[in-house]
Peer 1: 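Questions regarding the structure given below will be posed in turn.
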Amino acid sequence: MNTAERVEVVLPGKVEPEGLELHRGPVPAPAAGQVVVAMEATGVSFAEQQMRRGRYYDQPPFPFVPGYDLVGTVLTVGDGVDPGLLGRRVAALTKTGGWASHVVLDAADVVDVPAGLGAPEAETAVVNGITAWQMLHRKARVRAGQTVLVHGANGGVGSILVQLALAAGVRVIGTASTRHHDALRALGVTPLDYRSGTVPARVRELAPGGVDAVFDHVGGPGIVDSWRLLAPGGTLVSYGSAATRDDAGNGAVPVLRLLGRVWLWNWLPNGRSAHFFNVWAGRAYTKDRFRARLRADLTQVLTALQRGEITAGVAAEIPLARVAEAMRLAESGTVAGKVVLVP
């Protein structure tokens, strides 16, 4: 009988980071087909920043436990689960529920973490890595020799995206604030200052025929520039609406506007395509296929991390009990890499 205590962070409503609550209770037991994972690292992502404002597109009703992804060790397994999973380090995409010391998951949703990867390091590449990989290889289907534009090239998703693109032989133009330009140049990225107001003009100088793909997490009016910068046959992948993060009102509205634009652009007869990327798309209808794809893609990302083909920085490791501090740091925009919560 496991008498250990479970600690979880609860988001009770639209609150400042200090309003997050710490709840304690017994460690749960797994049902058939489930595992209990002892969390070793879970991330603070843009999703949780939006959720605490009540502005994440399809967040659950308050109160709930946030936490989009995690890495941990399998502590117990339910009936029908391979006992060989016990003691294994695994990663999982959870959407919510990761900000807890012990998390119940379907065994089919956990992915092995390669040997030699630390939990915080692996954690940085779960949601950000799967997002980057699928946008690059499943949506834009980039090929060696192409040119892409990555907005927020120093961000959580952007920094992995540029490295995966470079590894695929793709030329990368990336927007970021000037303090990140030297680091981007060292990777092989051509950096542009997103505050300069000259990004579209500079991209046209660098790629007179247009770029083969644009990855845009900003949304808002600037998405039109992203579309116009595409070469014939190019692909726009929109995956967020950071421009409207602090707006009042319903968080679904900016996303629905983006979806409307994407739908309209795809009807234009110019050979270009637009996608609004959602890592959860298809899960409700094709669960087995969704899981197989996720497992394959996350394994590719973690293997690339293990080999050193990509690096994902840990900005800070902060104990779960100091979650308000972690959230403030993640929202400050002053750190490079991911803020990671540890037990």
Peer 1: Only counting residues at least two apart or in another chain, list the ones meeting side-chain contact (heavy atoms from CB on, under 4.5 Å) with P63.
Peer 2: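 Result, side-chain contact (heavy atoms from CB on, under 4.5 Å) vs P63: V10.
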Peer 1: To check you understand the geometry: which heavy-atom pair defines the closest contact between D297 and Q134, and what is its length?
Peer 2: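 So the two residues come closest at OD2-NE2, 2.9 Å.
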Peer 1: Between P17 and A324, which heavy-atom pair has the shortest distance, and what is it?
Peer 2: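 Closest heavy-atom pair between P17 and A324: O-CB, 3.4 Å.
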Peer 1: Could you check if a side-chain atom of L70 sits within less than 4.5 angstrom of a side-chain atom of V126, using non-hydrogen atoms only?
Peer 2: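 No. Closest side-chain heavy atoms not under 4.5 Å.
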Peer 1: What is the ring orientation for F290 with W280, classed by angle as parallel under 30°, tilted 30 to 60°, or perpendicular over 60°?
Peer 2: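 Rings of F290 and W280: parallel, as their planes differ by under 30°.
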Peer 1: Would you find a donor on one side and an acceptor on the other, under 3.5 Å apart, between the side chain of W99 and the backbone of G43?
Peer 2: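 Answer holds: yes.
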Peer 1: Give a yes or no on whether a salt bridge exists between D82 and R88, defined as a side-chain N under 4.0 angstrom from a carboxylate O.
Peer 2: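 No salt bridge links D82 with R88.
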Peer 1: Between E48 and S45 (side chain of the first, backbone of the second, donor and acceptor by atom type, cut-off under 3.5 Å), is there such a pair?
Peer 2: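 At least one qualifying donor-acceptor pair exists.
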Peer 1: Dump the intermediate steps for side-chain contact (heavy atoms from CB on, under 4.5 Å) on V148 and V211, then the final yes or no.
Peer 2: CA-CA 5 Å; V148 303; V211 294; 5.8 Å; no
Peer 1: Clusters formed by hydrophobic residues whose side-chain heavy atoms approach within less than 4.5 Å: which one holds V314, and what are its other members?
Peer 2: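 Its cluster mates, by chain and number, are V340, V342.
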Peer 1: Identify every side-chain donor-acceptor pair in residues 30-38 under 3.5 Å, counting partners at least two apart or on other chains, and give the distances.
Peer 2:
| residue | atom | partner | partner atom | Å |
| --- | --- | --- | --- | --- |
| Q34 | OE1 | A31 | N | 2.8 |

Peer 1: Determine yes or no for a side-chain-to-main-chain donor-acceptor pair under 3.5 angstrom, with Q59 supplying the side chain and Y56 the backbone.
Peer 2: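 Yes, the answer is positive, given that a donor and an acceptor are paired below the 3.5 Å cut-off.
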Peer 1: Evaluate F62 against K14 for side-chain contact (heavy atoms from CB on, under 4.5 Å), listing each step before the verdict.
Peer 2: CA-CA 8 Å; F62 297 116; K14 295 182 192 178; 4.1 Å; yes
Peer 1: Does CG in D58 sit with more than 12 non-hydrogen atoms of other residues, nucleotides or ligands closer than 6.0 Å?
Peer 2: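 It does: D58 CG has more than 12 such atoms within range.
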Peer 1: Where the side chain of N154 meets the backbone of A176, is there a donor-acceptor pair that is under 3.5 Å apart?
Peer 2: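 Side chain of N154 to backbone of A176, a donor-acceptor pair under 3.5 Å: no, none is there.
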Peer 1: Taking salt bridge (charged side-chain N to carboxylate O under 4.0 Å, His left out) as the cut-off, I'd like each qualifying pair that reaches into residues 143-153, sequence neighbours left out, listed once.
Peer 2: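 Not a single pair qualifies under salt bridge (charged side-chain N to carboxylate O under 4.0 Å, His left out).
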Peer 1: Does any donor atom in the side chain of T303 or Q306 lie under 3.5 Å from an acceptor atom in the other side chain?
Peer 2: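 Their side chains do not contain a donor-acceptor pair, so the 3.5 Å distance test is not met.
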Peer 1: List the residues meeting ring pair (Phe, Tyr, Trp, His ring centres under 6.0 Å) with H137, not counting sequence neighbours, and say none if there are none.
Peer 2: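 Residues passing ring pair (Phe, Tyr, Trp, His ring centres under 6.0 Å) with H137: W133.
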Peer 1: Would you list the atom pairs, donor with acceptor, under 3.5 Å between side chains in residues 18-29 and any protein atom, with sequence neighbours excluded?
Peer 2:
| residue | atom | partner | partner atom | Å |
| --- | --- | --- | --- | --- |
| E18 | OE1 | R328 | NH2 | 2.9 |
| E18 | OE2 | R328 | NE | 3.2 |
| E21 | OE1 | H23 | NE2 | 3.0 |
| R24 | NH1 | E5 | OE1 | 3.3 |

Peer 1: Nearest 0.5 Å, please: how far is CZ in R295 from CG in L93?
Peer 2: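 Answer rounded to 0.5 Å: 12.5 Å.
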Peer 1: Before you tell me yes or no, could you show the steps for F215 and K139 under side-chain contact (heavy atoms from CB on, under 4.5 Å), namely the whole-Å CA-CA distance, both residues' side-chain angles and the distance that decides it to 0.1 Å?
Peer 2: CA-CA 10 Å; F215 301 92; K139 291 296 182 192; over 6 Å; no
Peer 1: For A316, enumerate each residue passing the side-chain contact (heavy atoms from CB on, under 4.5 Å) test, keeping only those at least two apart in sequence or located in another chain.
Peer 2: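 Listed in chain order: I318, L329.
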Peer 1: Measure across A274 and W265 and return the closest heavy-atom pair with its distance rounded to 0.1 Å.
Peer 2: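 Looking at all heavy atoms of both residues, the closest pair is CB-CE3, 4.2 Å.
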Peer 1: So, does R52 use its side chain to make a donor-acceptor pair with the main chain of V15 at under 3.5 Å?
Peer 2: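 Judged by distance alone, yes, a pair lies under 3.5 Å.
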Peer 1: Quick one: does any side-chain atom of R6 pair with a main-chain N or O of H102 as donor and acceptor, under 3.5 Å?
Peer 2: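 Yes, the answer is positive, given that a donor and an acceptor are paired below the 3.5 Å cut-off.
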Peer 1: Using side-chain contact (heavy atoms from CB on, under 4.5 Å) as the criterion, list what pairs up with V157, not counting sequence neighbours.
Peer 2: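 By the side-chain contact (heavy atoms from CB on, under 4.5 Å) rule, V157 matches N128, T131, A132, M135, Y239.
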Peer 1: When the side chains of residues 161-168 are checked against the rest of the protein, which donor-acceptor pairs come out under 3.5 Å, sequence neighbours left out?
Peer 2:
| residue | atom | partner | partner atom | Å |
| --- | --- | --- | --- | --- |
| Q163 | OE1 | T311 | N | 2.8 |
| Q163 | OE1 | T311 | OG1 | 3.4 |
| Q163 | NE2 | S159 | O | 2.9 |
| Q163 | NE2 | T311 | O | 2.7 |

Peer 1: Minimum heavy-atom separation for V301 to I130, with atom names?
Peer 2: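 Looking at all heavy atoms of both residues, the closest pair is CG2-N, 4.3 Å.
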Peer 1: Any ion pair linking R202 and D193 (charged N to carboxylate O, less than 4.0 Å)?
Peer 2: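 Salt bridge: no.
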Peer 1: What distance separates D112 CG from L117 CG, expressed to the nearest 0.5 Å?
Peer 2: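 Going from CG on D112 over to CG on L117, the span is 11.5 Å.
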Peer 1: Please name all residues satisfying side-chain contact (heavy atoms from CB on, under 4.5 Å) with T96, sequence neighbours left out, ordered by chain then number.
Peer 2: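 Per chain and number, T96 pairs via side-chain contact (heavy atoms from CB on, under 4.5 Å) with M51, P60, F64.
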Peer 1: Is there a side-chain contact between L11 and V65 in this structure, where contact means two heavy atoms from C-beta onward sitting under 4.5 Å apart?
Peer 2: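 No, every pair of side-chain atoms sits at 4.5 Å or beyond.
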Peer 1: Test: side-chain hydrogen bond (donor to acceptor under 3.5 Å, both in side chains). Region: residues 281-290. Which pairs qualify, not counting sequence neighbours?
Peer 2: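 Qualifying pairs: D109-R283.
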Peer 1: For residues 225-232, which side-chain N or O atoms pair as donor and acceptor with protein atoms under 3.5 Å away, sequence neighbours left out?
Peer 2:
| residue | atom | partner | partner atom | Å |
| --- | --- | --- | --- | --- |
| S226 | OG | H151 | NE2 | 3.4 |
| S226 | OG | D216 | OD2 | 2.7 |

Peer 1: Please name the pair of heavy atoms, one in V71 and one in V113, separated by the smallest distance, quoted to 0.1 Å.
Peer 2: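 For V71 and V113, the tightest heavy-atom pair comes out as CG1-CG2, 4.2 Å.
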Peer 1: Determine yes or no for a side-chain-to-main-chain donor-acceptor pair under 3.5 angstrom, with R272 supplying the side chain and L236 the backbone.
Peer 2: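 No, the answer is negative, given that no donor and acceptor are paired below the 3.5 Å cut-off.
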Peer 1: Supply the atom-to-atom distance R293 CZ to L298 CG, rounded to the nearest 0.5 angstrom.
Peer 2: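 It is 13.5 Å, given to the nearest 0.5 Å.
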